[in-house]
Amino acid sequence: MKKHISAIAALLVALVALAVLPSGAQPPPAKPAGPPQALPKVFLDWPGADIGFFRVEIPFVEFVTGLEEAQVRVLVTPQGPPGSETFAIEFSGLKGFQGDNNTLTHTPTPGDKPEDVRKGLAGLLKLGLMRYVAKTPAAKFVSVNFQDLVKPTAVVDKWNFWVFNLSANSFLMGETQYRDAMYYGSFSASRVTPELKVQTSVYGNIQKMRFDFGDDIYESSSNGYGFSGLVVKSLSQHWSAGAFLSLQSSTYANLKVGVSAAPAVEFNLFPYSESTKKQFRVLYRIGYTGARYNEETVYFKTAESLLQESLSFAYEVKRPWGMVSLNLEGSNYLHDFSKNRIELGGEVSFRIWRGLSFEVDGSYARIRDQLSLPRGGASYEEVLLRQKQLATGYNYRFSVGLNFTFGSTRSNVVNPRFGNGGRGISISM
Amino acid sequence: MRRYLGILFVLALGVSSLAAAISQDQSAIDELKKTAVKVYLDCGGCDIEYIKTEITFVNYVRDRLEAQVHILVTTQTTGGGGREYTLNFMGQNDLKGTNDIQKYFSSTTDTSDDVRRGLVKVLKLGLMSYVGKTSISRRISVDYLPPDKAGPGRDRWNFWVFSLTGSGRFRGEESYKDQEADFSFSANRVTPETKVRLGLSLDTSKTKYDIEDEIITGTKSSWDGSGLFVKSLGEHWSAGFFLHGESSLYSNIDLGLTVAPALEYNAFPYSQSTRRQLRFLYKLAVNPVNYREETIYGKTREALFQESLSATLDLREKWGTVSVRASGSHYFHDFSKNQLDLFGIVSLRLYKGLSVFSFVGYSWIHDQLSLLGREPTFEEQLLRLRELPRTSDYFVSIGFQFTFGSIFTNVINPRFGSSRSGGMDIHIN
């Protein structure tokens, strides 16, 4: 075995050498380093224009005097009576930008002074030139900013922000001795505005499996359905209040039917408006659950009413060096504080130095609250196929990864020949 | 004292009039937002919430037909292991005819924050061609900060990129424990003319079940080395060869080596590969192999010759995604030892709010030459530790989704966590 590996390694090394040699002999044409600011060359086709003004206003292009060397031609045509004219601005791509065309119109506000008109024109010229600048190295040094804060709900919407969604999916797989089928359906209605968030959905799923051992056939089926709802009212940039509602049934959890309602409050240390960059949320909820079980539980119950409270902390930050996400949640039942659970989860990805990055992802839960565990336990097959919740005092998941990449930093080349590695499909429900 | 009061009074007057001016401005800006460009962002891998918080001068809609600009983002892997994002801006409705294509490159060492900021930048620049046609454009500023040092030097690595990755994963609860570790090394050099990819990976995993004091342990381990060399022969043809070495407990292979020269024809020019490809690949393989245990055919080693042909169609259009692949292979020593695989994904946005998807795979398998001579144990079967005899396997998934209601999706509300409500999301790379 070891001999084989070293043989393969030798083969690979030989192949690397083989691949390096011919390519070393005829190096591919390197991109010319050239002047650092390769600005797009623009010919402003507007006789009598104050070119000096535009040169100062628009420093990220090079205004040229002839059409021959231009990459972009900008034709400005004033229309209408002098003093209250509108301007048609026609952008045409030349040379490498062939086919890159657009037309914009500048309509000055009535009563604008000539300087204002000229300034407005320059502003619009800048926007129109962006598509060309974006394709040159100068793009790196340009920034586009919206000068105002605007409400995302400033739109004309006859549905008043309600969105409804109906979906159904099936997933079947199998081979000669094994079959697995899953069906899933849901309907949701939601309305999300900065002031109020309402999300509701009803769902159902069924899973069926069949194993054929030749002399013996094992079949199983599990299902779940329910309703879930969430209402959140925004109180300030840091506070929110709301409620979680749910109704569910699940063979995995031994739940014939469970109904729960839990009011909650949340505090975010950072303003919610920065949530895509950082958030530190603390959520407290207290809830009532009425449960009816499929099988008698280890506590000899077939139905019970429960009060539970929980407190959770969520910290998330995403920065150029990487990201951190940490969650800590503790909960307990009010009738017996020893029935509790504490869960810690986290994910960190960190760029240590240039090509060296590090990732950790994990969670640990200490579990003392499996109230719905069936007394009858689970069969041998149900254990191996993980189809029933099992008695456990803890569960954990941890993964760690290190990646080091070095070599060319200029390999933005895409070469799709012989495929580009497998196709990834991800489905989230 | 009185003077101070007077100053305060003037100050208060100034502040209040300023506030009035601001609120008047605000309603004017909200008015502008109502006529802002309607954008349909068609990008599975983007951080949509971040984009919506950073780019607020457009309106986001959930249906492509409602939009004035459809931005279709497709990605491909670059030679350096990063991604090439192609942003197809397609004007629709009253902005029909205004089109543009922009690109953004990420590298493997970029953090997710680097990537989302880079994409937002390119999106902003590309959107200017459309925003320039609406009156909100008056509130947009473009700034330019020229660089003060020269551009990057030459590439001393000659396009070679190396990467080392190691990771470990651990999971468990009282009656179940699972651990996995893998290590991989790759060396790639991709230019438009040639492509060299070399990789070596090692995997090992162990699963332990504790059922009524009986302990069942399952172990899997494998290693795998591969090489690919491709030479470009024009816009439609490529030639090269595959190398592969593997060892796997699951497949009963102690050591298998494959050398396979191959030829490929693409009906579309390779330069369009991010949007459309129809590739035919023919491969002729020589495969000496040593087995771990005697196979069902009584062999412990053999040398195999195999030929295969595959056809792959990939389309990514406004109306959806089609990816279909068919491949067939057979051994020369016995033509009845053959395999045929079909695989297809179709995801269509049919009409306002209605989309359907389906993915289907079917394999006819008559070439399990490495199958164990003995009967696998019960645990080996249930835990899928060993390849089992089969003549076919399949998976089928069909689903639909219908969304109606408000077309605007401008709002981000992170309170109580941002979970998606219902529906499903399919992301194909």
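We name chains A, B, ... by the order of the sequence lines, and we start the count at 1 in each one.
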Given the rule in the side chain to side chain contact (heavy atoms under 4.5 Å, CB included) test, do A:Phe406 and B:Trp157 qualify, once you have shown the distances and angles that lead to the verdict? CA-CA 9 Å; A:Phe406 59 101; B:Trp157 289 95; 3.7 Å; yes
Between B:Ile398 and A:Asn169, does a side chain to side chain contact (heavy atoms under 4.5 Å, CB included) hold up when you go through it step by step? CA-CA 6 Å; B:Ile398 297 173; A:Asn169 307 291; over 6 Å; no
Take B:Phe404 and A:Trp159, measure what side chain to side chain contact (heavy atoms under 4.5 Å, CB included) needs, and give me the verdict at the end. CA-CA 9 Å; B:Phe404 58 99; A:Trp159 287 90; 4.0 Å; yes
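Looking at B:Ile140, the atoms closer than 4.5 Å to chain A (heavy atoms on both sides) sit in the backbone and in the side chain alike. Only the side chain of B:Ile216 comes within contact range of chain A, with heavy atoms under 4.5 Å apart. Both the backbone and the side chain of B:Ser232 come within contact range of chain A, with heavy atoms under 4.5 Å apart. The part of B:Thr98 that comes within reach of chain A is its side chain, from C-beta onward, which places non-hydrogen atoms under 4.5 angstrom from that chain. There is no contact between B:Asn266 and chain A, counting heavy-atom distances below 4.5 Å. Contact annotation for B:Ser107: neither backbone nor side-chain heavy atoms come within less than 4.5 Å of a heavy atom of chain A. For B:Val230, the part lying near chain A is the side chain, with the backbone staying farther off; criterion is any non-hydrogen pair under 4.5 Å. For B:Asp110, the parts sitting under 4.5 Å from any heavy atom of chain A are the backbone and the side chain alike.
Aromatic ring orientation, B:Phe395 versus A:Phe171: parallel (interplanar angle below 30°, classes split at 30° and 60°).
Proximity of a side-chain donor or acceptor of A:Asn102 to a complementary backbone N or O of B:Ser129 within less than 3.5 Å is detected. Proximity of a side-chain donor or acceptor of B:Gln401 to a complementary backbone N or O of A:Ser167 within less than 3.5 Å is not detected. No donor-acceptor pair closer than 3.5 Å links the side chain of B:Asn413 to the backbone N or O of A:Val192. At least one donor-acceptor pair closer than 3.5 Å links the side chain of A:Glu266 to the backbone N or O of B:Phe416. Judged by distance alone, with hydrogens and angles left aside, the side-chain atoms of B:Lys103 form no donor-acceptor pair with the main-chain N or O of A:Lys135 at under 3.5 Å. Side-chain atoms of B:Glu264 come within 3.5 Å of backbone N or O of A:Phe418 as a donor-acceptor pair. Within the 3.5 Å criterion, the main-chain N or O of B:Glu174 finds a donor-acceptor partner in the side chain of A:Thr392. Within the 3.5 Å criterion, the main-chain N or O of A:Ser143 finds no donor-acceptor partner in the side chain of B:Lys121.
The choice from A:Ser170, A:Ser357, A:Ser275 that makes the most heavy-atom pairs within less than 4.5 Å of chain B is A:Ser170. In terms of non-hydrogen atom pairs under 4.5 Å with chain B, the most contact-rich of A:Ile89, A:Leu124, A:Thr193, A:Asp148 is A:Asp148. Counting heavy-atom pairs closer than 4.5 Å to chain B, the top-ranked of the candidates A:Phe398, A:Phe60, A:Tyr396 is A:Tyr396. Interface summary for chain B: among A:Val163, A:Asn145, A:Leu104, the most heavy-atom pairs under 4.5 angstrom belong to A:Asn145. Considering only heavy-atom pairs separated by less than 4.5 Å from chain B, the leading option among A:Thr103, A:Val133, A:Val155, A:Leu149 is A:Val155. Looking only at heavy-atom pairs under 4.5 Å with chain B, the residue among A:Gly123, A:Ala391, A:Ser240, A:Gly401 that has the most is A:Ser240.
The pair B:Asp113-A:Lys277 does not meet the salt-bridge criterion, since no charged nitrogen lies less than 4.0 angstrom from a carboxylate oxygen. Under 4.0 Å is where a charged nitrogen must lie from a carboxylate oxygen, and between A:Lys151 and B:Asp30 at least one such pair does.
Counting non-hydrogen atoms of neighbouring residues, nucleotides and ligands closer than 6.0 angstrom, the NZ atom of B:Lys34 exceeds 12 such neighbours.
Of the N and O atoms on the side chains of A:Asn165 and B:Thr403, at least one donor lies less than 3.5 Å from an acceptor on the other residue.
For the pair A:Arg131/B:Leu125, no side-chain contact is recorded, criterion being any heavy-atom separation below 4.5 Å from C-beta on.
A cation-pi arrangement is present between A:Arg417 and B:Tyr270 under the rule of less than 6.0 angstrom and at most 45 degrees off the ring axis.
A distance of 4.5 Å separates CD of A:Glu175 from CZ of B:Arg390, quoted to the nearest 0.5 Å.
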